**Q** 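Here it is, the structure, as structure tokens.
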Number of protein chains: 2
Amino acid sequence: MERNTIQRDIVMTVLKKLNNHATADEIYAAVRHEHPAISRSTVYRNLQWFCDKGQLRKREIPGQADVYDQICTNHYHVRCSRCGRIFDVDMDYIPALEQAIKDPHGFRFTGHDIIFTGVCPDCQSRDEPL
Amino acid sequence: MERNTIQRDIVMTVLKKLNNHATADEIYAAVRHEHPAISRSTVYRNLQWFCDKGQLRKREIPGQADVYDQICTNHYHVRCSRCGRIFDVDMDYIPALEQAIKDPHGFRFTGHDIIFTGVCPDCQSRDEPL
DNA sequence: GTGAGTGCAAATCTTTTGCATGTTT
DNA sequence: AAACATGCAAAAGATTTGCACTCAC
């Protein structure tokens with residue numbers, strides 16, 4: 001039987017207040033604000049728990065910390081190459097993308113992810129151009 | 001001025017003999033076979049060096065160790081969800097994919113990666129079906 | 001009371017780095 | 001000899017895990 005713990009509650013409450021695509025560390029920092037004694041593992045375990053329940057989706061980001069996405073449906077992401085933050089891309093999901101593969105070489109394809117690279121508006125105005 | 005060290009040589013020689021998309025650890029193990037005293041850092045540093053020279057490309061894989069790709073041009077990859085290995089996908093690169101984005105929201109897009117998920121032929125025959 | 005959940009510390013895994021030493025040019 | 005590269009050990013960053021304890025049911 002699953003239990004309602006204060007910690008679990010706070011993780012979800014904080015999550016809703018934070019920007020989407022927060023890292024475990026950002027979530028931990030924010031949760032700590034309301035419950036300083038909480039353990040980092042508890043945050044990780046609860047994030048995993050929400051993922052298992054389908055209320056959250058962990059997006060593994062190449063080369064950096066994973067982020068937690070409150071939108072659980074398939075969609076694409078951009079990573080800002082300056083600040084590393086992750087944003088949603090305003091683009092239709094392409095379920096048929098697997099059909100563009102010429103020869104599957106015996107593979108059974110089950111899905112795909114697209115990660116765009118770019119520079120976010122904040123970083124464009126803040127940084128030296130390039 | 002760049003130098004020819006035995007270690008650098010062995011890393012490249014071994015790389016050519018290994019399957020493409022080997023991890024640093026696999027490369028290290030293979031290199032060690034020919035030069036047991038080599039340091040893990042030296043392998044990492046040389047792999048990075050070849051990447052800097054454009055002779056190799058590091059592909060950062062979500063949730064697992066990076067792999068080194070001898071094909072430096074843009075192309076897409078599949079990860080086998082059973083064994084975690086990375087393979088090339090036989091599909092044309094889509095340079096125009098950024099144009100499918102409806103509203104860039106001020107982002108400047110510079111590129112993209114696609115990672116497919118699937119089950120490789122080896123794992124299909126070896127494992128229980130699903 | 002029982003077991004799911006917590007806190008802590010330690011472990012894991014991958015990669016990087018500081019520094020003294022060695023080697024190539 | 002000077003610059004570059006190596007080896008080692010330690011550090012770093014992200015996440016997981018073992019274990020004893022606690023608290024929600």
Side-chain angles (χ1 to χ4, degrees), chain A residues 1-15 18 21-53 55-69 79 83-86 115, chain B residues 1-15 18 21-53 55-69 79 83-86 115:
Chain A
M1 191 50 50
E2 74 195 40
R3 295 184 189 179
N4 290 332
T5 62
I6 320 153
Q7 291 90 336
R8 185 112 88 209
D9 248 36
I10 296 179
V11 169
M12 187 42 89
T13 308
V14 156
L15 216 33
L18 281 178
H21 309 116
T23 62
D25 200 62
E26 288 162 353
I27 298 163
Y28 174 60
V31 165
R32 239 185 164 184
H33 217 253
E34 311 210 357
H35 190 303
I38 202 171
S39 159
R40 192 175 229 106
S41 345
T42 298
V43 174
Y44 271 102
R45 275 188 284 233
N46 278 317
L47 290 170
Q48 189 55 57
W49 188 89
F50 287 120
C51 289
D52 293 345
K53 297 288 170 194
Q55 294 181 245
L56 207 55
R57 193 150 159 189
K58 185 198 277 189
R59 309 275 179 190
E60 297 184 320
I61 308 298
Q64 54 189 72
D66 303 341
V67 299
Y68 292 87
D69 194 336
R79 168 177 51 187
C83 65
R85 286 185 298 169
I86 304 296
I115 301 191
Chain B
M1 192 47 50
E2 74 196 38
R3 297 184 187 178
N4 290 331
T5 61
I6 319 155
Q7 290 90 337
R8 186 112 88 208
D9 248 37
I10 296 178
V11 169
M12 186 42 88
T13 308
V14 156
L15 217 33
L18 281 178
H21 308 116
T23 62
D25 199 61
E26 288 162 354
I27 298 163
Y28 173 59
V31 165
R32 239 187 163 183
H33 217 253
E34 312 209 354
H35 191 302
I38 201 170
S39 158
R40 194 176 227 106
S41 344
T42 298
V43 173
Y44 271 101
R45 275 188 284 233
N46 279 317
L47 290 170
Q48 190 54 58
W49 187 89
F50 287 121
C51 290
D52 292 345
K53 297 288 169 192
Q55 294 181 244
L56 207 56
R57 194 150 158 187
K58 185 199 275 190
R59 309 276 180 191
E60 297 184 320
I61 308 300
Q64 54 188 73
D66 303 341
V67 300
Y68 292 87
D69 193 338
R79 168 176 52 187
C83 64
R85 285 184 297 168
I86 304 297
I115 300 192

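Bear in mind the structure is a predicted one, so any value in this text is a computation, not a measurement. In what follows, chains are A, B, ... by sequence order, proteins preceding strands, each numbered from 1.
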**Q** Output all residues satisfying salt bridge (charged side-chain N to carboxylate O under 4.0 Å, His left out) with B:Glu60, sequence neighbours left out; order by chain, then residue number.
**A**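 Here no residue qualifies.
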**Q** Base, sugar-phosphate, or nothing for B:Asp66, non-hydrogen atoms under 4.0 angstrom?
**A**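 Counting heavy atoms under 4.0 Å across all strands, the contact made by B:Asp66 is with sugar-phosphate only.
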**Q** Applying side-chain hydrogen bond (donor to acceptor under 3.5 Å, both in side chains), name anything that partners B:Thr13, two or more places apart in sequence or on another chain.
**A**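 Checked B:Thr13 against side-chain hydrogen bond (donor to acceptor under 3.5 Å, both in side chains); zero matches.
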**Q** Please report the distance, rounded to the nearest Å, between CD1 in B:Ile27 and P in C:dT15.
**A**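 Roughly 10 Å, once rounded to whole Å.
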**Q** What's the CZ-P distance between A:Arg40 and D:dT16, to the nearest Å?
**A**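 Result: 13 Å.
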**Q** Suppose we screen for side-chain hydrogen bond (donor to acceptor under 3.5 Å, both in side chains). Which residues come up paired with A:Glu34, at least two apart in sequence or across chains?
**A**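 Applying side-chain hydrogen bond (donor to acceptor under 3.5 Å, both in side chains) to A:Glu34 gives A:Lys17.
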**Q** Using the salt bridge (charged side-chain N to carboxylate O under 4.0 Å, His left out) criterion, which residues pair with B:Asp66? Sequence neighbours excluded.
**A**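 Counting only residues at least two positions away or on another chain, B:Asp66 forms no salt bridge (charged side-chain N to carboxylate O under 4.0 Å, His left out).
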**Q** Does A:Tyr44 put a side-chain nitrogen or oxygen below 4.0 Å from OP1 or OP2 of D:dT16?
**A**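 For D:dT16, OP1/OP2 do not have a side-chain N/O of A:Tyr44 under 4.0 Å.
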**Q** For the side chain of A:Gln7 and the backbone of A:Thr42, is there at least one donor-acceptor N/O pair under 3.5 Å apart?
**A**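 Checking the backbone N and O of A:Thr42 against the side chain of A:Gln7, no donor-acceptor pair under 3.5 Å is found.
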**Q** Without decimals, in angstroms, what is the distance between A:Leu47 CG and D:dA14 P?
**A**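 About 14 Å, once rounded to whole Å.
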**Q** D:dT16 P sits how many Å from B:Gln64 CD, rounded?
**A**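 Atom CD in B:Gln64 sits about 14 Å away from atom P in D:dT16.
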**Q** Would you indicate, yes or no, if D:dA14 has its OP1 or OP2 atom less than 4.0 angstrom from a side-chain nitrogen or oxygen of A:Lys58?
**A**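 Indeed not, no polar side-chain atom of A:Lys58 lies that close.
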**Q** Rounded off to whole Å, could you give me the CD-to-P distance for the B:Gln48 and C:dT14 pair?
**A**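 Value for this atom pair: 18 Å.
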**Q** What integer distance in Å separates A:Glu26:CD from D:dA14:P?
**A**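 Whole-Å distance recorded here is 10 Å.
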**Q** Just jot down the salt bridge (charged side-chain N to carboxylate O under 4.0 Å, His left out) partners of B:Asp9, sequence neighbours excluded, or say none.
**A**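 Residues passing salt bridge (charged side-chain N to carboxylate O under 4.0 Å, His left out) with B:Asp9: none at all.
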**Q** Where along nucleotides 4-12 of chain C does protein come under 4.0 Å, by heavy atom, of base (B) or sugar-phosphate alone (S), with - for untouched nucleotides?
**A** BSBBBB---
